[in-house]
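Only one structure is covered here, and it is reproduced in the block below.
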Amino acid sequence: MVGYWGNVNDILEEDSQIQIATVKLEDAREITVINYLAIHPACRMGDRVYVNTVAIDLDLGTGGYGFVMAISTISEEKSESSHPGHIIKMRYAPTQVAVHAVEAPESDRHDAFCLPFSLENKRVFMSELHSVLPLWVALLETLTSETNSFKKAGAGQNSENSQGRTFVYIMDDQACLQASFSQHIRTLKHKANMMTITYGQASGGDIEAVNLYTALEAAVKVAEADDILITQGPGVVGTGTSRGFSGMSLSQWIHTVHTLGGRAVVIPRIQINDKRSRHIGFSHHTLTPLLAHTLVPAIIPYPDIEGDQLCEGAWSPSSYEQYQLRYSQQIAQLQDQHHVYPVPAQTLHTLILEALKWYEKPIRSMGRGYNQEPLMFQAVAAAVYWYLHNQ
């Protein structure tokens, strides 16, 4: 058994793709559940639902929710179904769903995907962590609204002002598979001109694509993106082994962008306060794919921490010296294979505060905020700062 039956007590939030509700389970627990409307009809108050409770039972870091698997009281109106396309995602699983893939024969964009395509040296951001997404958008929004020189920044030709800037988030299928699960995505849809593209087995994006190649093609040809970010959805996987983590996809993203004629801009995962030594400094989730499995150079801006009070204040002076030595050694390793660019950390602090103010809602990465993990946030700011100043 992977779950329990229960009754819907309240609908907390809903839009065209997702419902968030409270359910009283048959074991007397009251939990919050997600109902994906691409898979099931909408729930009503009092409906009896079968809920997958695995994440709650295991107390996972991205848990806290049950997921509706079946509804026993569906009206005739709700049982009507239509399939927008013939490309199946989550294939051969009970939750498989048909989507309208942008490159499929039934798409009115199909012919465009039969033509040659190049990114034409366009720079594409990429990062392991989903928490990068809101800060990336917030930084680009706030920086491009400050001065006329920033307003024209970015590889696209449509950014005459920050309001017209089109952000495209490409979500792969190594973590969360439903784009609508992300609260960051739901928030950014209201705050910025952002489109989402889901590829592989991931679904729920504004645009559905079969793979990363056509996702990037759709970002340019269909979404007319000014700025593109590739990352995973919430819930990355790690096993404590050298290569057993979902962030290994980073090397594949770099290769894809390279073969399409683009330039990969990597936002590294950099940490101070993780209890696991393999994540201190540049996380091995960044170093392993970049140093051992990437065949072409990527662009890696990073925060130069010398004289950075936020970073220095995290330890005693002796511990900070040890951290700085490790940090410089990791950078030297990356320099052997990639294009590495330092950005003074002091320059980034005010930019981050402005971006956080713009976003309004808390941004945490691995459960920690800016004060706890300053370099994780500064890594995003360094990438955006370098991108806007190096056209």
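All values below were derived from every heavy atom in this structure, side-chain atoms included, with hydrogens, water molecules and symmetry-related copies excluded.
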For Q324, give me all partners under side-chain hydrogen bond (donor to acceptor under 3.5 Å, both in side chains), at least two apart in sequence or on another chain.
Y320
Taken in chain and number order and not counting sequence neighbours, the residues that satisfy side-chain hydrogen bond (donor to acceptor under 3.5 Å, both in side chains) with Q174 are none
Heavy-atom side-chain contact between [X] and [Y] under 4.5 Å:
X    : Y    : value
M194 : I185 : yes
D10  : V8   : no
H255 : V296 : yes
W386 : V384 : no
H349 : L353 : yes
T142 : L351 : no
Y323 : L375 : yes
L290 : V266 : yes

By ring pair (Phe, Tyr, Trp, His ring centres under 6.0 Å), which residues pair with W136, not counting sequence neighbours?
F125, F167
Working note: Y327 + F282, criterion ring pair (Phe, Tyr, Trp, His ring centres under 6.0 Å); need CA distance, chi angles, decisive distance, verdict.
CA-CA 7 Å; Y327 194 69; F282 285 77; 5.2 Å; yes
Presence of salt bridge, [Y] and [X], under 4.0 angstrom:
X    : Y    : result
D227 : R165 : yes
R186 : E13  : yes
R269 : E128 : yes
E360 : K191 : yes

Closest heavy-atom contact between [X] and [Y]?
X    : Y    : result
P303 : I270 : CD-CD1, 3.8 Å
N35  : C43  : ND2-SG, 3.5 Å
D172 : A202 : O-CB, 3.7 Å
M195 : I207 : CE-CD1, 3.9 Å
G235 : A175 : O-CB, 3.5 Å
P268 : A379 : O-CB, 3.4 Å

For the side chain of [X] and the backbone of [Y], is there at least one donor-acceptor N/O pair under 3.5 Å apart?
X    : Y    : answer
T259 : T256 : yes
R326 : I280 : yes
H389 : Y385 : yes
Q252 : S249 : no
K122 : D226 : yes
D111 : C114 : no
D304 : P344 : no
H339 : A298 : no
T239 : G244 : yes

Rounded at 0.5 Å granularity, tell me how far [atom1] in [X] sits from [atom2] in [Y].
X    : Y    : atom1 : atom2 : result
R368 : E373 : CZ    : CD    : 4.0 Å
M248 : T288 : CE    : OG1   : 7.0 Å
I272 : H279 : CD1   : NE2   : 15.0 Å
I230 : S127 : CD1   : OG    : 11.0 Å
S180 : K189 : OG    : NZ    : 11.0 Å
F377 : S131 : CZ    : OG    : 7.0 Å

Is it the case that the side chains of [Y] and [X] hold a donor-acceptor pair, with the cut-off being a distance below 3.5 Å and no angle test?
X    : Y    : answer
H110 : E103 : no
Q271 : S283 : no
T196 : D206 : yes
N9   : T22  : no
S203 : Q178 : yes
Q337 : T294 : no

L388-W358 co-clustered via ILVMFWY side chain contacts under 4.5 Å
yes
Please check if L260 and V222 belong to a single hydrophobic cluster, counting links between Ile, Leu, Val, Met, Phe, Trp and Tyr side chain heavy atoms closer than 4.5 Å.
yes
With respect to Q19, which candidate in E14, R44, H40 satisfies the side chain to side chain donor-acceptor pair (under 3.5 Å) definition?
E14
Any chance the rings of H130 and F181 have centres within less than 6.0 Å?
no
Taking the six-membered ring for Trp and the single ring otherwise, decide whether the centroids of Y199 and Y213 are under 6.0 Å apart.
no
Should we say atom [atom1] of [X] is surrounded by more than 12 heavy atoms from elsewhere, each under 6.0 Å from it?
X    : atom1 : value
E306 : CD    : no
H258 : NE2   : no
Q183 : CD    : no
R364 : CZ    : no
R29  : CZ    : yes

H100 and E106: CA distance, side-chain angles, deciding distance, side chain to side chain donor-acceptor pair (under 3.5 Å) verdict:
CA-CA 8 Å; H100 180 82; E106 65 268 24; 4.8 Å; no
With side-chain contact (heavy atoms from CB on, under 4.5 Å) as the test, would you mind laying out the steps for Y4 and V51 before giving the verdict?
CA-CA 5 Å; Y4 299 86; V51 181; 5.9 Å; no
Does the side-chain contact (heavy atoms from CB on, under 4.5 Å) test come out yes or no for F245 and V236, once each step is laid out?
CA-CA 8 Å; F245 57 93; V236 299; over 6 Å; no
Where do V137 and Y359 land on the side-chain contact (heavy atoms from CB on, under 4.5 Å) test, with the steps shown first?
CA-CA 9 Å; V137 172; Y359 190 63; over 6 Å; no
Decide side-chain contact (heavy atoms from CB on, under 4.5 Å) for L129 and Q232; before the verdict, give the C-alpha distance in whole Å, the side-chain angles of both, and the deciding distance to 0.1 Å.
CA-CA 6 Å; L129 298 174; Q232 306 171 91; over 6 Å; no
